[in-house]
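Remember, it's 1-based here, ligands and their atoms both numbered in the order they're listed. Note that this is a predicted model, so its numbers are computed, not measured.
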Amino acid sequence: MEQQTRLPRHIAVIMDGNGRWAKKRGLPRTDGHKKGAEVFRQICQYASDIGIEYMTFYAFSTENWKRSEQEVCAIMDLLRAYLAEMQQREDENRTGGYRIRFLGAREGMPDDIVRLMDEAEEKSRDKTRITINICVNYGGRDEIVHAVRTLCDRAKRGELEPADVSEALVSDALYTAGQPDPDLIIRPSGEVRLSNFLVWQSAYAEFYFDDVLWPDFTPADLDRAIAAYNQRDRRFGDAR
Ligand code: FPP
């Protein structure tokens with residue numbers, strides 16, 4: 001990237017188009033997810049190399065359970081493989097310095113994956129190079145409902161009054177607590193919608209839509225998205 005480029009602190013990505021990528025090649029949809037998971041690894045590495053602080057990837061939504069059992073199992077297996085890899089890299093003490101976080105409801109997820117997720121978060125919590133958020137069993141509205149419940153429980157315990165509820169308190173009750181909101185949200189594959197991704201956190205995000213399918217997405221595509229972001233005039237409601 002050029003020296004003067006203003007880097008977004010936090011980039012979020014909807015990894016879309018895996019099924020179409022596979023179909024175009026006469027392959028099963030699951031091969032598209034497999035290639036998508038490889039691209040996820042490459043983009044994490046590249047983002048870390050160029051100095052992005054936070055990356056968030058939409059891997060599995062609360063709605064994705066409606067897909068065939070075979071497809072759901074294939075995505076879960078890709079997660080298992082990645083988690084096992086993280087474990088091994090940690091054991092060999094040569095991690096890329098990723099702090100890994102999983103955003104989404106743990107309830108409903110296979111027990112072994114929940115255990116590995118907890119372990120990966122715990123082991124990587126002090127890493128500082130980049131934070132990689134992986135959204136699994138994630139829905140933006142579900143996340144807000146979860147946050148409201150947390151705040152209601154606190155009110156019931158007498159820890160806060162309804163009038164104390166502020167934007168900051170809601171933010172702190174989300175899965176992304178303590179992290180900056182995304183500056184840039186990228187959706188490849190030609191779809192132009194948010195699909196229940198980071199509903200609260202996207203309030204002031206810049207959006208970048210691209211026709212490339214996620215399995216074909218390259219570091220050069222990320223550079224193009226960052227270049228487009230640099231052309232935007234972010235005013236946050238100010239008049240300037
Ligand atoms: C959307 O494309 C993609 C998904 C629902 C799954 C994404 C999951 C991965 C890339 C693997 C995750 C693994 C790790 C290790 C993070 P689609 O299937 O809806 O594509 P289509 O619109 O072309 O059918």
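With A22, G190, A59 as candidates, the residue nearest to atom 12 (C) of ligand 1 on a non-hydrogen basis is A59.
Of all atoms in ligand 1, numbered sequentially from 1 with element shown, those under 4.0 Å from a heavy atom of G19 are 17 (P), 18 (O), 20 (O), 21 (P), 23 (O), 24 (O). Within ligand 1, counting atoms from 1 as listed, the ones closer than 4.0 Å to a heavy atom of D16 are 1 (C), 2 (O), 17 (P), 19 (O), 20 (O), 22 (O). Counting the atoms of ligand 1 from 1 in the order shown, those under 4.0 Å from a heavy atom of M15 are 1 (C), 2 (O), 3 (C), 10 (C). Against a heavy-atom cut-off of under 4.0 Å, Y82 is close to the following atoms of ligand 1: 15 (C).
Side-chain rings of F60 and W65 approach one another, their centers coming within less than 6.0 Å. Checked against a 6.0 Å centroid threshold, the rings of Y138 and Y58 count as neighbours.
R99 has no carboxylate O lying under 4.0 Å from a charged side-chain N of E53, or vice versa, which leaves the two without a salt bridge.
At the top of the distance list for atom 22 (O) of ligand 1, counting protein heavy atoms only, stands R20 NH2, 3.0 Å. Shortest contact from atom 13 (C) of ligand 1 to any protein heavy atom: A37 CB, 4.0 Å.
Remark: E121 pairs with R106 by the side chain to side chain donor-acceptor pair (under 3.5 Å) rule, at least two apart or across chains. Every residue two or more places apart in sequence or in another chain that forms a salt bridge (charged side-chain N to carboxylate O under 4.0 Å, His left out) with E85 is listed here: R41.
In this structure, Y54 and H10 have tilted ring planes: the angle between them lies in the 30° to 60° band.
Only the side chain of R67 comes within 4.0 Å of ligand 1, counting heavy atoms alone; its backbone N, CA, C and O stay farther away. Within the 4.0 Å heavy-atom criterion, neither part of V39 lies near ligand 1.
Considering both main-chain and side-chain atoms, N18 comes within under 3.5 Å of ligand 1 through a nitrogen or oxygen pair. Every N/O-N/O distance between W214 and ligand 1 stays at or above 3.5 Å.
Close to ligand 1: R29, with a non-hydrogen atom less than 4.0 angstrom away. Taking 4.0 Å as the cut-off, K23 does not count as a neighbour of ligand 1 on heavy-atom distance.
A distance-only check finds no donor-acceptor pair linking the side chain of R101 to the backbone of I132 [under 3.5 Å].
Heavy-atom contacts from other residues, nucleotides or ligands closer than 6.0 Å to CD of E159 number more than 12. Residue R157 places its CZ atom among more than 12 non-hydrogen atoms of other residues, nucleotides or ligands, all under 6.0 Å distant.
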